[in-house]
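Read the structure below first, then the notes.
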Amino acid sequence: MRDPLSVLTESFTSFLFGKVETTRLPVRTSTGQAQAVYLPTAAPGLGDSGVIIGREVYSGKGYIYDPFQLYGQQLPAPHWLVLGESGNGKSALEKTYVLRQLRFRDRQVVVLDAQGEDGVGEWNLIAQELGITPIRLDPMAALDDGIRLNPLDPSITTTGQLALLRTIIEVAMGHGLDERSGFALKVAHAYVSDTITDRQPVLTDIVEQLRHPEPESAEAMNVDIDDVRAWGLDVALVLDRLVDGDLRGMFDGPTTVGIDLDAPLIVFDLSHIDRNSIAMPILMAIVGVWLEHTWIRPDRKKRIFLVEEAWHIINSPFVAQLFQRLLKFGRRLGLSFVAVVHHLSDVVDGAAAREAAAILKMASTRTIYAQKADEARATGRVLGLPRWAVEIIPTLTPGIAVWDVNGNVQVVKHLVTEAERPLVYTDRAMTESSLPELPEDVRAADREAEERAALMEHHQQQHVNPSSESTVA
C-alpha cells in the first residue's frame, strides 16, 4: 500500500503542473511505414566529381571515385591496389574504369597486359575499339622485325641506363651485384656511351666491352685487365640472354620507330611471355624505366599506369625499388599507379617484403574482392581494415568489393553497361553461349547503370577541359 504522504504530494503536483507521466496506447504498423520514423543513415561518399564505379550496397547511393579529384583532399597519394581471386570482377573493374577515365581529355593510360586469350592480350578488344594497336612484346615476333625497346635509348639518361642494366642483371641472377661486377659494368657502359655517337648504343655493345674491356679502364683503377674481364664475365653472360638467348629480339636493337606515346591508351601486350619465367619481371623493369623517361612529362596530363600481375614487380626487390622511385617521382607529375594482385600473401611473404610494404603504403586506395577467410584475415591485418569488412570479404559475390579509400570503407557493387559488356568480359570460351541469355535482373541492373552513367555524362563533360588546372601538381 502506498504511503499517504506520497499520494498527497503526487496529487498536489499534478494539480499544479499537470500529469507527469503519460500512458501511450500501443501502435500497430508495418516496416514500410516505420522506416519513415526511423530514417536510415549512411556514411558520406567521396563526392560527385569523377567517374562512376557503381553503387554502395548498403545505402544504394552512386559510388564515384577519381584519385585525381580526391588527391590532396581525401587522398595523400593517388595510387591504387586491387586484390581478389580470379573470377570475381577485377578485370571488369579495371577496364570500365579506364574506359570511363578516357572520357576526360586530359587523361592518358598505359596498361601492362600480362594475360591473354585467343593469342592476344585481354585488352586487345578495347584497343581495337579505340583504334589503337597494342605494343606486342614477343620474342618470336621480334626476330621478324617486331617491337623493340632499347635499354640504352638516348631518351633515357645515362644514370637511368646504368640503373636499368643493374636491375636486369640482379633480377636474372637473383642477388645484388658485388662491387667488382658493378665496376666492370660501369666501365663498359661509360665506354659505350662515350664512343658510340653515330647510332643508338645497344646491349651487344655492352656485352662486347665486358668480354673485351679497354686497358685504360684497368689502368684507371690500377688493376690488371684480366681481373676486369673476370669481374664482368657473369654480367656478360646474363646480358647475352637478352641478345642471343630466349629473350632475344626485344631489347637488343634500337627502339622501334613509330610507338605513339601521345595516344590516349597505350597497351603493352606481354601475353606471349611466360608469366612464371624470369622474363616477366625483367620486362616490367625495362618497360617501367623506359616509360619513366619517355612518357611521363610535365604537360599537366593526368596519367594512369595499370599493371596486371603486379606481383612480378612487388615481389622482386630490385624491380620494386625502381617502381618505388617511379611512384614517388610520378606523383609530382600526375601519375596514378594501379597494381592488380590476386593474393596479398604473394608479396608480403616474398623476397621483397620491405619493398612491398613501402609500395603498399603508397596505395591510399584498396579494393578487395572475395577471398578465402584465412586470406581475408591476413589482408585485413596488413591493410588495417575494420573487423566488419574482414568478416564480409569471404561472402562477397562477383562484382561486389570492399573499397577502402584512405579509411573511408564502403561495400560497392560495380555496374557494367550493355555497351561496355562485350569489351570487358574476355572469357568468351566459358561464357560465349550464355551471354545472349542474360537474366532479367542483370539486364535491369545494366539498364540502371546506363541511366546513371547518362546522368553523370553532363557532369563529367563539365570537367573535360584540356586547359584546366591539374589537380595533381
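All heavy atoms count here, side chains included; hydrogens, waters and symmetry mates do not.
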*Identify the two heavy atoms, one from S181 and one from L177, that lie closest to each other, and give their separation to 0.1 Å.*
CB-CD2, 3.9 Å
*Gap separating the CG atom of L75 from the CD atom of Q69, nearest 0.5 angstrom*: 11.0 Å
*Do you know which of W403, Y71, F305 makes ring pair (Phe, Tyr, Trp, His ring centres under 6.0 Å) with W80?*
W403
*Do R166 and L185 have side-chain heavy atoms sitting under 4.5 Å apart?*
yes
*What are the two closest heavy atoms between L112 and M284, and how far apart are they?*
CD1-CG, 4.1 Å
*Quick one: do Q410 and D404 satisfy side-chain hydrogen bond (donor to acceptor under 3.5 Å, both in side chains)? Show the steps, please.*
CA-CA 7 Å; Q410 301 282 357; D404 177 6; over 6 Å; no
*Between the side chains of Q161 and H189, does any donor sit under 3.5 Å from an acceptor?*
yes
_Is it the case that the side chain of R229 and the backbone of H212 share a donor-acceptor pair, with hydrogens and angles ignored and the cut-off at 3.5 Å?_
no
_Carboxylate-amine/guanidinium contact K95 E122, below 4.0 Å_ = yes
*Given side chain to side chain contact (heavy atoms under 4.5 Å, CB included), test L335 with I304 step by step and report yes or no.*
CA-CA 6 Å; L335 175 69; I304 299 169; over 6 Å; no
*asked:* Salt bridge check, D252 against R148: does any charged N sit closer than 4.0 Å to a carboxylate O?
replied: yes
*Take V338 and T365 through the test side chain to side chain contact (heavy atoms under 4.5 Å, CB included) and record every step on the way to the result.*
CA-CA 9 Å; V338 184; T365 301; over 6 Å; no
*Beyond-backbone contact of D260 with I132, side-chain heavy atoms, under 4.5 angstrom*: no
*State whether the number of non-hydrogen atoms from other residues, nucleotides or ligands found under 6.0 Å of R180 atom CZ is greater than 12.*
no
*Nearest-0.5 Å distance, CD1 of residue I400 to CD1 of residue I393*: 13.0 Å
Solution key, residues 195-205 side-chain donor-acceptor pairs under 3.5 Å, sequence neighbours excluded:
{"unit_1": "T195", "atom_1": "OG1", "unit_2": "Y191", "atom_2": "O", "d": "2.7"}
{"unit_1": "R199", "atom_1": "NH1", "unit_2": "D205", "atom_2": "OD2", "d": "3.1"}
{"unit_1": "R199", "atom_1": "NH2", "unit_2": "D205", "atom_2": "OD1", "d": "3.1"}
{"unit_1": "R199", "atom_1": "NH2", "unit_2": "D205", "atom_2": "OD2", "d": "3.4"}
{"unit_1": "Q200", "atom_1": "OE1", "unit_2": "N150", "atom_2": "ND2", "d": "2.9"}
{"unit_1": "Q200", "atom_1": "OE1", "unit_2": "T255", "atom_2": "N", "d": "3.3"}
{"unit_1": "D205", "atom_1": "OD2", "unit_2": "V202", "atom_2": "N", "d": "3.0"}

_Smallest separation among heavy atoms of E375 and L344, with atom names_ = OE2-N, 3.2 Å
*Euclidean distance, L233 CG relative to L237 CG, rounded to 0.5 Å*: 4.5 Å
_Smallest separation among heavy atoms of I225 and P213, with atom names_ = CD1-O, 3.6 Å
*Are W290 and I156 side-chain neighbours, meaning at least one heavy-atom pair lies under 4.5 Å?*
yes
*Using a strict 4.0 Å threshold on nitrogen-to-oxygen distance, state whether E420 and R100 make a salt bridge.*
yes
*side chain to side chain contact (heavy atoms under 4.5 Å, CB included) between L322 and V289: does it pass, once the steps are laid out?*
CA-CA 7 Å; L322 279 178; V289 173; 3.6 Å; yes
_I'd like to know whether CD of E179 has more than 12 heavy-atom contacts from other residues, nucleotides or ligands below 6.0 angstrom._
no
*Report the C-alpha distance between L149 and L283 in whole Å, list the side-chain angles of each, state the deciding distance to 0.1 Å, and finish with yes or no for side chain to side chain contact (heavy atoms under 4.5 Å, CB included).*
CA-CA 10 Å; L149 295 179; L283 274 168; over 6 Å; no
_Going by the rule side chain to side chain donor-acceptor pair (under 3.5 Å), which residues pair with D262 if we only count those two or more places apart in sequence or in a different chain?_
R297
*asked:* Ring-plane angle category for F323 and F337, please: parallel below 30°, perpendicular beyond 60°, tilted otherwise.
replied: tilted
*Is any side-chain heavy atom of L70 less than 4.5 Å from a side-chain heavy atom of L46?*
yes
*Please check if any side-chain donor atom of W123 sits under 3.5 Å from a side-chain acceptor atom of E308, or the reverse.*
yes
*asked:* With heavy-atom distances below 4.5 Å as the criterion, would you say the side chains of I126 and L265 are in contact?
replied: yes
*Is the charged tip of R421 near the ring of Y425: under 6.0 Å from the six-membered ring centre and within 45° of its axis?*
no
_Flag, side chain of Q108 to backbone of L261, donor-acceptor distance under 3.5 Å_ = yes
_SB check E94 K90 (cutoff 4.0 Å)_ = no
*Closest approach of I273 to M280 (non-hydrogen atoms, all atoms of both residues)*: O-CE, 3.9 Å
*asked:* Could you check whether any side-chain heavy atom of D234 comes within less than 4.5 Å of a side-chain heavy atom of I169, counting everything from C-beta outward?
replied: no
_Nearest-0.5 Å distance, CG of residue D374 to CD of residue Q371_ = 11.0 Å
*Work out which heavy atom in D269 is nearest to a heavy atom in P134; give both atom names and the distance.*
CB-CB, 4.4 Å
*Taking NZ, NE, NH1 and NH2 as the nitrogens, is one of them in K302 or D106 under 4.0 Å from a carboxylate oxygen of the other?*
yes
*So is R303 actually on top of W295's ring, under 6.0 Å and inside 45° of the axis?*
yes
*Take atom CD of Q128 as the centre, draw a 6.0 Å sphere, and report whether it contains more than 12 heavy atoms from other residues, nucleotides or ligands.*
yes
*Please determine, by modelled atom types, if T96 and H414 share a side-chain donor-acceptor pair under 3.5 angstrom.*
yes
*Hey, could you give me the CD1/CD1 distance between I147 and I259, rounded to the nearest 0.5 Å?*
5.0 Å
*Close side-chain approach of L81 and I359, heavy atoms under 4.5 Å*: no
*Taking the side chain as every heavy atom from C-beta outward, state whether K413 and E56 have any atom pair closer than 4.5 Å.*
no
*Going from OG on S364 to CD on Q74, what distance comes out if it is rounded to the nearest 0.5 angstrom?*
11.5 Å
